[in-house]
Novice: 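I am attaching a structure below and will ask some questions about it afterwards.
Please read all numbers here as calculations on a predicted model, not as lab measurements.
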Amino acid sequence: KNGTVIGSVHITNGKAVTFDNCVFKDNEDIDFGAAIYVEGCEELLVDNCIFTNLEDDSNGAAIEAERTAITVIGSTFRNCTTEHDGGAVYVHNGSLDVTNSQFTGNHAGGNGGAVAVVDTETNIATCTLGNNAADKNGGALYVGGDAGKKTEIYLSNFADNTAWENGGALAVADQAQ
């Protein structure tokens, strides 16, 4: 197992970064995404990748991102666990576009068992989100922050997700002060 403070891959202030047909398995992290942490990058493309059995003490065990445009295509997120938000994926102040991907058996100690986005434009299309759990809100997906950010979900299947507070599948909360 990889046990680190900053995750397997740490990217800051980059242009375009692509992960194609990669596998991230059995990684642990203390602070920033057990697989990928990205901050201030123009674009992150994750295409046909597998993220499985990842653990993180912060947010987003597979992908944790700040101020980055993220595109995920045909990828699998399975058994990713975090103590805070976004069991598999956490994005703050960026954009997230996910298509043809599966999120199964992920868990967040906070919000968004599979995915948590805050102040982030979000599109989810033709995805399966099943058997995910959050100790707070949004068993599969949590959307928080600026009410002006658009979230669109198309042709996706939410099944058997659990949240202990609100939104077994999806929770939307405006956190603007």
Novice: Would you call Glu43 and Lys15 a salt bridge, using N to O less than 4.0 angstrom?
Specialist: no
Novice: Check step by step if side-chain contact (heavy atoms from CB on, under 4.5 Å) holds for Leu141 and Ile153.
Specialist: CA-CA 11 Å; Leu141 173 62; Ile153 302 169; 3.7 Å; yes
Novice: Side chains of Ile73 and Leu45, heavy atoms from C-beta outward: is any pair under 4.5 Å?
Specialist: yes
Novice: For the CZ atom on Arg78, are there more than 12 heavy atoms of other groups (residues, nucleotides or ligands in this structure) within a distance under 6.0 Å?
Specialist: no
Novice: Hey, are the side chains of Asn79 and Thr104 touching, using non-hydrogen atoms and a 4.5 Å cut-off?
Specialist: no
Novice: Taking Asn132 for the side chain and Phe103 for the main chain, is one N or O donor matched with an acceptor at less than 3.5 Å?
Specialist: yes
Novice: Walk me through it: do Val89 and Phe77 pass the test side-chain contact (heavy atoms from CB on, under 4.5 Å)?
Specialist: CA-CA 9 Å; Val89 176; Phe77 299 83; 3.8 Å; yes
Novice: Run through Asn137, Asn111, Val172 and flag the one making a side chain to side chain contact (heavy atoms under 4.5 Å, CB included) with Asn166.
Specialist: Asn137
Novice: Working to the nearest 0.5 Å, report the span between SG of Cys80 and CG of Asp56.
Specialist: 10.0 Å
Novice: Dump the intermediate steps for side-chain contact (heavy atoms from CB on, under 4.5 Å) on Leu44 and Phe19, then the final yes or no.
Specialist: CA-CA 8 Å; Leu44 172 68; Phe19 291 92; 3.7 Å; yes
Novice: Evaluate side chain to side chain donor-acceptor pair (under 3.5 Å) for Asp135 paired with His107, printing each intermediate quantity in order.
Specialist: CA-CA 8 Å; Asp135 290 354; His107 177 262; 2.8 Å; yes
Novice: Angle between ring planes, Phe24 versus Phe51, binned at 30° and 60°: parallel, tilted or perpendicular?
Specialist: parallel
Novice: Please report the interatomic distance NE2(His84) to NZ(Lys136), rounded to the nearest 0.5 Å.
Specialist: 9.0 Å
Novice: Nearest 0.5 Å, what's the CD1-CD1 distance between Ile63 and Ile70?
Specialist: 5.5 Å
Novice: Check whether any side-chain heavy atom of Ser58 sits under 4.5 Å from a side-chain heavy atom of Glu64, and report yes or no.
Specialist: yes
Novice: Taking atom CD1 of Ile36 and atom SG of Cys49, what is their separation to the nearest 0.5 Å?
Specialist: 6.5 Å
Novice: Are Tyr142 and Leu170 side-chain neighbours, meaning at least one heavy-atom pair lies under 4.5 Å?
Specialist: no
Novice: Thr71 and Asp97: side chain to side chain donor-acceptor pair (under 3.5 Å), yes or no, with the steps?
Specialist: CA-CA 5 Å; Thr71 301; Asp97 187 2; 4.9 Å; no
Novice: Can you tell me how far NE2 of His92 sits from CG of Asn59, rounded to the nearest 0.5 angstrom?
Specialist: 10.0 Å
Novice: Go through the steps to decide whether Thr128 and Phe158 satisfy the test side-chain contact (heavy atoms from CB on, under 4.5 Å), and finish with yes or no.
Specialist: CA-CA 6 Å; Thr128 299; Phe158 291 77; over 6 Å; no
Novice: Donor-acceptor pair, distance only, cut-off 3.5 Å: does the side chain of Thr162 make one with the backbone of Gly139?
Specialist: no
Novice: Let me check something: do Ile50 and Val115 share a hydrophobic cluster, defined by ILVMFWY side-chain heavy atoms less than 4.5 Å apart, either directly or through other members?
Specialist: no
Novice: With a 4.5 Å heavy-atom cut-off, do Asn21 and Asp47 have their side chains touching?
Specialist: no
Novice: I'd like to know whether Asp119 forms a side chain to side chain donor-acceptor pair (under 3.5 Å) with Asn93, so could you lay out the CA-CA distance, the side-chain angles of the two residues, the decisive distance to 0.1 Å, and finally the verdict.
Specialist: CA-CA 5 Å; Asp119 296 327; Asn93 198 25; over 6 Å; no
Novice: Got a donor-acceptor contact below 3.5 angstrom from the Glu121 side chain to the Lys150 backbone?
Specialist: yes
Novice: Show the nearest heavy-atom pair for residues Ala163 and Gly138, with the distance to one decimal.
Specialist: CB-N, 3.7 Å
Novice: Do you know which two heavy atoms are closest between Ala134 and Gly110, and how far apart they sit?
Specialist: CB-O, 3.5 Å
Novice: Closer than 3.5 angstrom, by distance alone: can the side chain of Thr82 be matched with the main-chain N or O of Gly87 as a donor-acceptor pair?
Specialist: no
Novice: Looking only at non-hydrogen atoms, find the nearest pair between Thr81 and Ala61 and report the distance.
Specialist: O-CB, 3.5 Å
Novice: Verify, without hydrogens or angle tests, whether Thr122 (side chain) and Thr151 (backbone) share a donor-acceptor contact under 3.5 angstrom.
Specialist: no
Novice: Checking Thr126 side chain against Leu155 main chain: does a donor-acceptor pair fall under 3.5 Å?
Specialist: no
Novice: Ignoring hydrogens, what is the shortest heavy-atom contact between Asn100 and Cys127? Give both atom names and the distance.
Specialist: N-SG, 3.9 Å
Novice: Identify the heavy atoms of Ala62 and Ala35 that sit nearest to each other, and give their distance.
Specialist: O-CB, 3.2 Å
Novice: At what distance, to the nearest 0.5 angstrom, does OG1 of Thr68 lie from CG of Asn13?
Specialist: 8.5 Å
